[in-house]
Amino acid sequence: MIPENHPRYQSLMLRNKMAEGVMQGIVHPTGLIAHGRGEAFDYLLGERTQSFADDAARAAAAYLKIAKKPVISVNGNVAVLVADEIVKLAEETGMKIEVNLFHRTEERVEKIISILEKHGGRDILGMEGDAKIPGLAHNRAICSHEGIYAGDVILVPLEDGDRCEALKRMGKKVLTIDLNPMSRTARNANVTVVDNVIRAIPNIREHYGDVKKPEEIIAKWNNRKHLQMAMDFICERLRTYYR
Ligand code: ATP
Ligand code: MG
């Protein structure tokens with residue numbers, strides 16, 4: 001039991017959830033390492049949604065507004081951390097939910113689908129695996145024809161850089177949530193929300209409700225500049241931390 005007044009209560013609770021996720025076969029063991037890398041960056045970012053992340057969440061919402069076939073790709077980490085918020089975002093935006101795993105097994109896909117269903121998710125894709133993302137080897141290429149394959153705007157939180165690139169080559173608009181502003185995923189996406197998924201998903205939903213002129217927001221969006229702002233923020237924080 002972690003006492004609620006522990007200064008790192010929330011972070012420790014999330015670690016527990018991730019560890020349970022591994023024991024239940026929902027999270028792949030390497031998912032814990034990805035989570036740890038995320039935690040390190042979250043620490044540097046002050047564990048809050050900074051203004052550049054809020055702007056990116058608005059830009060992501062703008063892309064979802066103009067999308068004809070938006071899809072969110074869900075893996076084990078994301079399901080354990082924010083299944084409820086994913087279902088809400090999908091309901092509000094009309095986005096399809098697809099379970100798509102880097103280390104794909106049908107058993108894990110099934111387990112993640114059932115978590116999302118427990119939170120009210122419907123018609124969740126992922127089991128059929130009836131299409132392939134071109135240019136990727138093995139199981140990592142498998143996706144749903146009706147979902148990621150046919151989608152035009154794909155929200156891929158915590159995606160592998162290689163797959164992000166492959167989706168871009170297919171002509172899709174890729175939105176990602178990644179705490180590491182230097183990752184290949186962060187650099188390749190059309191919009192990178194440098195924030196924790198637990199904050200970013202509900203924030204994108206809030207912006208979706210408010211966005212008025214999505215085309216204008218998209219036209220003005222410069223993801224590289226935005227990633228540099230995230231890096232500048234970290235640098236400034238390090239430079240002045242003990243002053
Ligand atoms: P690549 O250059 O291939 O994109 P990467 O640094 O993104 O490499 P991955 O194996 O894709 O490495 O790791 C997952 C990424 O997800 C990490 O960059 C990590 O910062 C990020 N991450 C982990 N947990 C979270 C979280 N809760 N919210 C947002 N991002 C997270
Ligand atoms: Mg990545």
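In each ligand, atom 1 is the first atom listed, and ligand 1 is the first ligand listed.
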Does one hydrophobic cluster hold both F41 and V156, with members joined at side-chain heavy-atom distances below 4.5 Å? no
Between R104 and R140, is there a side-chain heavy-atom distance shorter than 4.5 Å? no
If we ignore angles and hydrogens, is there a donor and acceptor under 3.5 Å between the side chains of S73 and E98? no
Applying a strict 4.0 Å limit to heavy atoms, is E39 in contact with ligand 1? no
Can you list the atoms of ligand 1 that are under 4.0 Å from a heavy atom of N196? 26 (C), 27 (N), 28 (N), 29 (C)
Find out whether Y208 and K65 are in side-chain contact, i.e. whether some heavy atom of one side chain is under 4.5 Å from a heavy atom of the other. yes
Is any side-chain heavy atom of M170 closer than 4.5 Å to one of I133? yes
Numbering as shown, the atoms of ligand 1 that approach N180 to under 4.0 Å (heavy-atom distance): 6 (O), 18 (O), 20 (O)
May I ask you to test the L136-I142 pair for a side-chain heavy-atom distance under 4.5 Å? no
Name the option, out of G36, G38, A189, that contains the heavy atom nearest to atom 19 (C) of ligand 1. G38
Is there any N or O on D162 that sits under 3.5 Å from an N or O of ligand 1? no
Taking both backbone and side-chain atoms of L179, is any N or O found less than 3.5 Å from an N or O belonging to ligand 1? yes
N/O separation below 3.5 Å, G161 to ligand 1: yes
On a heavy-atom basis, I'd like to know which of R199, R37, E165 is closest to atom 5 (P) of ligand 1. R37
Does the Lys NZ or Arg CZ of K132 fall within the cation-pi geometry relative to Y149 - under 6.0 Å from the ring centre and within 45° of the axis? no
Just which atoms of ligand 1 are under 4.0 Å from any heavy atom in E159? 11 (O)
D195 heavy atom under 4.0 Å from ligand 1: yes
Heavy-atom nearest neighbour of atom 1 (P) of ligand 1 within options R184, R187, M182: R184
Go through the side-chain N and O atoms of D178 and T192 and say whether any donor and acceptor fall under 3.5 Å apart. no
L81 heavy atoms, cut-off 4.0 Å: which ligand 1 atoms fall inside? 27 (N)
Ligand 1 to H35 polar contact by distance, N or O atoms, under 3.5 Å: no
Return a yes/no value for V197: is any of its N or O atoms, backbone included, closer than 3.5 angstrom to an N or O of ligand 1? yes
I would like to know whether D195 and R48 meet salt bridge (Lys or Arg N to Asp or Glu O under 4.0 Å); could you show each step before the answer? CA-CA 8 Å; D195 202 2; R48 321 185 18 234; over 6 Å; no
